[in-house]
Asks: 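After the structure tokens below, expect a handful of questions from me.
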Amino acid sequence: IFDLPDDFVEGITIFSRVGNQKHEGVILTEVEFLDRINSAILTPTLQDPIARIYDNKIEFYPSDAGNYTLSYYKLP
């Protein structure tokens with residue numbers, strides 16, 4: 001779980017890096033996020049990652065945070 005940048009307005013997408021390959025993920029609502037991490041069928045992976053934003057923080061799953069990039073709209 002990480003603090004959002006000070007200039008954060010809205011998340012666009014996330015990317016995970018596995019070796020030299022980049023994989024796009026999605027930013028989900030709280031309910032969607034919890035459904036996905038508890039799913040036996042749609043379990044998030046580094047090739048299909050998810051994130052949620054709450055309380056000026058972002059949580060990535062799987063939680064190997066060294067491999068993630070957040071694309072977002074920022075304040076000018």
Side-chain angles (χ1 to χ4, degrees):
I1 300 174
F2 296 90
D3 291 331
L4 290 171
D6 291 336
D7 61 355
F8 178 87
V9 173
E10 183 178 346
I12 301 170
T13 193
I14 60 167
F15 294 94
S16 67
R17 182 170 296 282
V18 179
N20 60 0
Q21 293 186 345
K22 215 168 160 182
H23 302 278
E24 187 171 3
V26 293
I27 300 171
L28 303 173
T29 66
E30 177 83 13
V31 171
E32 292 169 328
F33 184 88
L34 295 174
D35 284 347
R36 284 286 303 275
I37 63 173
N38 292 313
S39 173
I41 298 169
L42 296 173
T43 303
T45 65
L46 285 174
Q47 291 79 17
D48 185 26
I50 62 172
R52 67 176 169 169
I53 294 172
Y54 66 97
D55 294 334
N56 289 324
K57 298 190 182 301
I58 185 164
E59 180 177 4
F60 299 102
Y61 198 89
S63 57
D64 183 1
N67 292 321
Y68 290 105
T69 302
L70 169 65
S71 291
Y72 63 95
Y73 293 113
K74 63 182 187 172
L75 293 171

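Residue numbers run from 1 in the order of the sequence given.
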Asks: Could you grab the distance from atom CZ of Phe2 to atom CD1 of Ile58, nearest 0.5 Å is fine?
Replies: 9.5 Å

Asks: Linking directly or through intermediates, with side-chain heavy atoms under 4.5 Å: list the remaining ILVMFWY members grouped with Leu42, chain and number order.
Replies: Ile41

Asks: According to side-chain hydrogen bond (donor to acceptor under 3.5 Å, both in side chains), does anything in residues 1-12 pair up with another residue at least two apart or in another chain? List the pairs.
Replies: Asp3-Lys57, Asp7-Tyr72

Asks: Would you say that Ile14 contacts Pro49 through its side chain, given a criterion of any heavy-atom pair below 4.5 Å between the two side chains?
Replies: yes

Asks: Rounded to the nearest 0.5 Å, what separates atom CD1 in Ile27 from atom CG in Leu70?
Replies: 5.5 Å

Asks: Write out all pairs satisfying salt bridge (Lys or Arg N to Asp or Glu O under 4.0 Å) with one or both partners inside residues 26-35, taking only residues at least two apart or from two chains.
Replies: Glu30-Arg52

Asks: Are more than 12 heavy atoms from other residues, nucleotides or ligands located less than 6.0 Å from atom OH of Tyr73?
Replies: no

Asks: Does Leu28 sit in a hydrophobic cluster with other residues, and if so which ones, taking ILVMFWY side chains as linked at heavy-atom separations under 4.5 Å, directly or through other members?
Replies: Val26, Phe33, Leu34, Ile37, Ile50, Tyr61

Asks: Nearest 0.5 Å, please: how far is CG in Leu4 from CG in Asn56?
Replies: 6.0 Å

Asks: Does anything in residues 15-24 pair up under side-chain hydrogen bond (donor to acceptor under 3.5 Å, both in side chains), and if so which pairs, sequence neighbours excluded?
Replies: Thr13-Glu24

Asks: I need the Asn67 CG to Phe60 CZ distance, nearest 0.5 Å.
Replies: 10.5 Å

